[in-house]
Number of protein chains: 2
Amino acid sequence: MGTTRQEDRTSSTAQRRRELLEAADRVVLREGPGASMNAIAAEAGITKPILYRHFGDKGGLYRALAVRHTDALLASLRAALDAPRDRRERVEATLDTYLAAIEDHPQVYRFLMHPAENSDGAAGNDRGFDVGQHSAPLLRRLGEELAKVIAERLDLGPESEELARVWGHGIVGMMHAAGDWWLRERPCERKQLVTHLADLLWGRLAAAGDRVGGPGF
Amino acid sequence: MGTTRQEDRTSSTAQRRRELLEAADRVVLREGPGASMNAIAAEAGITKPILYRHFGDKGGLYRALAVRHTDALLASLRAALDAPRDRRERVEATLDTYLAAIEDHPQVYRFLMHPAENSDGAAGNDRGFDVGQHSAPLLRRLGEELAKVIAERLDLGPESEELARVWGHGIVGMMHAAGDWWLRERPCERKQLVTHLADLLWGRLAAAGDRVGGPGF
DNA sequence: GCAGTTCGTTACCATCGGTAATACCCAGTC
DNA sequence: GACTGGGTATTACCGATGGTAACGAACTGC
């Protein structure tokens, strides 16, 4: 209860909403994605029904939280995408930005992508943040955003629109899956992962030679 | 209660387990991933504690179910991967096999990948299949499997092992994300999606020309 | 001073995952 | 044929959660 009723009154509903989101963020980062509505309300110094008045249901709160973080991530990615360098460097910068983000804030990442896993191992029963949809919205937003960039920058012939969207979602998925695996196993440096992925995007799979004795992949 | 006690007695525990899994499968396909343990037990003609005796907890049941489907999918993919054709055709066949699988059994797919979404819109409260981990195990298995194939078939120089794993997970992620988006929006024929993705893998992103007026992606 | 409205809280419900205590049935034994 | 023992399924229950209705307190306009 850090705020008096008077202070509450002075803050607009939008600002209050932000405060609640920040409180929710703290709890989620501390307790993992299984944080209960009660816990979040307590952290914010209020009680459950107020949360429900602001966000409708738990999914609404999650969605608001996810949008916040997704917006921030998208801003970073856009900066990398817009840097005045050549295409390969740009792709590498974008990959690196994404990977750096999930490396620097793994808690946030896990919350967005794997809502049912407990961040701390002893959080008791994993009831899970049974949100309407999980990582899909984030990935879809990123995919659409990348598709837009691709479509407006590259000349891809008559099917430009369609190709750009396929590639946008495909590349985002590649980045996501590789990043998820890398974050869990840390098999190499970030820089090297970036290079490997860019190589893949640059057609090195098609160019690689067959191994002796087999017909090749 | 379609089975008498006598019949129960005759079936071995392994067979019983299969029966339970099939019942669970039916319920999950009918009610969506939010199916409750009670509902599954009822479908199987038994009660909850028996399910817990067999699968430990809800995560165990989900995992068993997921493993079943993942095994089947992996078998199909391996067949496509092993076909005696050239590399491009093989990649396309694999992509197509995966996409055909998710196209033919979208319910299964949604259960594996988006466990919290209700398949039927009126399933009441979506408590969700708050499993330990969601789609990650499936994707990780596919990624590792593909990595193995890549590593043993392609000659990738000194970092072969590492590169193969990065690419394995990356390609699986690309396929997954693009497939997910495609399944939802159906923007084109499957065949075309396959071609687009294979093109991406074949370096067409790097080769594409800049659009007039900009520095290109 | 008083009525109405807004905001917050307490108390509660339904449901779920998960488990202990209970009744049950069958095999072997006297 | 009655009785006991071991494994099995059932009932009844617990704790926690998401979500909501009924209640109460404070501010506002008159």
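The sequence lines fix the lettering, A, B, ..., with proteins before strands; numbering per chain opens at 1.
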Novice: I need the OH-C1' distance between A:Y52 and C:dG8, as an integer number of Å.
Specialist: 16 Å

Novice: Is it true that A:E103 and A:R186 make a salt bridge, defined as a side-chain N closer than 4.0 Å to a carboxylate O?
Specialist: yes

Novice: Thinking salt bridges, do A:D96 and A:R190 make one under a 4.0 Å N-O criterion?
Specialist: yes

Novice: Output the rounded distance in Å from CZ (B:F55) to P (C:dG17).
Specialist: 15 Å

Novice: Would you verify whether the NZ or CZ of A:R184 falls within 45 degrees of the ring axis of A:W182 while also being under 6.0 Å from that six-membered ring's centre?
Specialist: no

Novice: How close or far is atom P of D:dG18 from atom OH of A:Y62, stated in whole angstroms?
Specialist: 15 Å

Novice: Which nucleotide, D:dG19, D:dT10, C:dT9, lies nearest any side-chain atom of B:T47?
Specialist: D:dT10

Novice: Hey, is the main chain of B:H196 close enough, under 3.5 Å, to the side chain of A:W167 for a donor-acceptor pair?
Specialist: yes

Novice: Which nucleotide sits closest to the side chain of A:R16: D:dG18, C:dG8, C:dG18?
Specialist: C:dG8

Novice: Kindly point out which of C:dT19, C:dT9, C:dG18 is positioned nearest to the side chain of A:R53?
Specialist: C:dT9

Novice: Closest nucleotide of DNA chain C for A:H54 versus for A:K48: which of these residues is on the 5' side?
Specialist: A:H54

Novice: Between A:R88 and A:W202, is NZ or CZ placed under 6.0 angstrom from the six-membered ring centre and within 45° of the ring axis?
Specialist: yes

Novice: From D:dG18, C:dC16, C:dT9, pick the nucleotide closest to the side chain of A:I50?
Specialist: C:dT9

Novice: How long is the line joining CG of B:L51 and P of D:dT8, in whole Å?
Specialist: 15 Å

Novice: Starting at CG of B:L20 and ending at P of D:dA9, how long is that distance when rounded to a whole Å?
Specialist: 10 Å

Novice: B:M37 has an atom CE; how far is it from atom P of D:dC13, in whole Å?
Specialist: 22 Å

Novice: Using atom CG of B:D57 as one end and atom C1' of C:dC16 as the other, report the distance to the nearest whole Å.
Specialist: 14 Å

Novice: Which nucleotide wins on minimum distance to the side chain of A:S36, given the candidates D:dG18, C:dG17, C:dT9?
Specialist: D:dG18

Novice: Quick one: B:N38 CG to C:dA14 P, roughly how many Å, whole number?
Specialist: 16 Å

